[in-house]
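Down below is the structure, laid out as structure tokens.
The residues of the chain are indexed from 1 along the displayed sequence. These numbers were taken from a predicted model, which means no experiment stands behind them.
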Amino acid sequence: MTTTLQGRPAPTTPGLSYWASQFRNADFYRDGLRFSDYAPAFYVGIAAHLEHPDRDFDDPRLELRSRYQRIRLGSALDWDQAEHAARSAWQRAKENAEAAQLGIERRVAELALHS
């Protein structure tokens with residue numbers, strides 16, 4: 001479920017809570033910017049992976065630039081600046097999904113051994 005504040009992704013959107021506390025530590029962070037400046041980019045990256053886990057971040061069919069422009073609202077970042085944050089969020093979502101899948105596969109294998 002996606003939650004929004006005045007049309008913007010909120011930190012309660014799955015995956016955004018991590019970025020709400022960590023965005024200042026990221027290599028793309030620019031001094032003086034707030035989470036609300038980065039949140040639309042994080043949301044685009046996370047949503048792209050959740051909606052199309054089989055596609056690469058650079059797949060033009062994802063139309064990430066136009067998606068970002070639609071939800072950007074008052075963010076100080078244009079797409080060229082926001083793309084790094086979106087890519088990082090996409091990568092983190094991908095890694096989390098892969099780790100979860102491995103955990104499931106291990107658990108299924110354990111259960112199969114014990115049945």
Side-chain angles (χ1 to χ4, degrees):
M1 176 191 340
T2 301
T3 55
T4 60
L5 297 173
Q6 298 177 9
R8 300 184 87 172
T12 55
T13 299
L16 283 181
S17 60
Y18 168 84
W19 291 108
S21 65
Q22 297 298 316
F23 76 101
R24 286 186 180 94
N25 301 322
D27 59 351
F28 52 76
Y29 175 70
R30 291 180 18 211
D31 285 338
L33 295 179
R34 301 176 314 267
F35 175 72
S36 60
D37 291 311
Y38 288 99
F42 295 144
Y43 176 79
V44 164
I46 293 166
H49 184 269
L50 291 174
E51 294 166 9
H52 304 285
D54 57 324
R55 294 191 184 159
D56 186 65
F57 181 84
D58 295 312
D59 186 331
R61 293 174 293 177
L62 294 178
E63 300 178 345
L64 300 180
R65 178 187 294 267
S66 63
R67 291 175 77 168
Y68 177 74
Q69 294 301 340
R70 284 194 302 272
I71 68 165
R72 175 182 173 195
L73 299 174
S75 173
L77 302 173
D78 63 21
W79 174 246
D80 291 334
Q81 298 161 326
E83 182 178 3
H84 302 290
R87 184 180 299 275
S88 293
W90 179 88
Q91 185 64 40
R92 181 170 164 74
K94 179 181 182 212
E95 290 167 1
N96 286 344
E98 289 170 349
Q101 182 62 37
L102 283 173
I104 291 168
E105 290 170 5
R106 275 191 225 116
R107 184 65 180 141
V108 167
E110 289 172 6
L111 292 171
L113 285 174
H114 294 68
S115 53

Only counting residues at least two apart or in another chain, list the ones meeting side-chain hydrogen bond (donor to acceptor under 3.5 Å, both in side chains) with R106.
none

side-chain hydrogen bond (donor to acceptor under 3.5 Å, both in side chains) partners of N25, counting only residues at least two apart
Q22

Parallel, tilted or perpendicular: which fits the ring planes of F23 and Y29, with parallel below 30° and perpendicular above 60°?
perpendicular

Could you grab the distance from atom [atom1] of [X] to atom [atom2] of [Y], nearest 0.5 Å is fine?
{"X": "R72", "Y": "R65", "atom1": "CZ", "atom2": "CZ", "result": "10.5 Å"}
{"X": "F42", "Y": "F35", "atom1": "CZ", "atom2": "CZ", "result": "6.5 Å"}
{"X": "R24", "Y": "Y38", "atom1": "CZ", "atom2": "OH", "result": "10.0 Å"}

Report the hydrophobic cluster partners of L102, with the cluster defined as I, L, V, M, F, W, Y residues connected by side-chain heavy atoms closer than 4.5 angstrom, directly or transitively.
none

Only counting residues at least two apart or in another chain, list the ones meeting side-chain contact (heavy atoms from CB on, under 4.5 Å) with [X].
{"X": "Q101", "result": "E105"}
{"X": "S21", "result": "none"}
{"X": "Q81", "result": "R30, L77, D78"}

Return all side-chain donor-acceptor pairs below 3.5 angstrom for residues 91-98, not counting sequence neighbours, or 'none' if the list is empty.
from: Q91; atom 1: NE2; to: E95; atom 2: OE2; distance (Å): 3.0
from: N96; atom 1: ND2; to: R92; atom 2: O; distance (Å): 3.4

All N/O donor-acceptor pairs, side-chain side in residues 49-56, below 3.5 Å, sequence neighbours left out:
from: E51; atom 1: OE1; to: R67; atom 2: NH1; distance (Å): 3.2
from: E51; atom 1: OE1; to: R67; atom 2: NH2; distance (Å): 2.7
from: E51; atom 1: OE2; to: R67; atom 2: NH2; distance (Å): 3.1
from: D56; atom 1: OD2; to: D58; atom 2: N; distance (Å): 3.2

Exercise: identify the closest heavy-atom pair between [X] and [Y]:
{"X": "G74", "Y": "D37", "answer": "O-OD1, 4.1 Å"}
{"X": "S75", "Y": "S36", "answer": "CB-O, 4.5 Å"}
{"X": "A26", "Y": "W19", "answer": "CB-CZ3, 4.4 Å"}
{"X": "A48", "Y": "L62", "answer": "CB-CD1, 4.3 Å"}

Please enumerate all residues that pass ring-ring contact (aromatic ring centres under 6.0 Å, His included) together with Y68, with sequence neighbours excluded.
W79

Residues that R70 engages under salt bridge (Lys or Arg N to Asp or Glu O under 4.0 Å), provided they are two or more places apart:
none

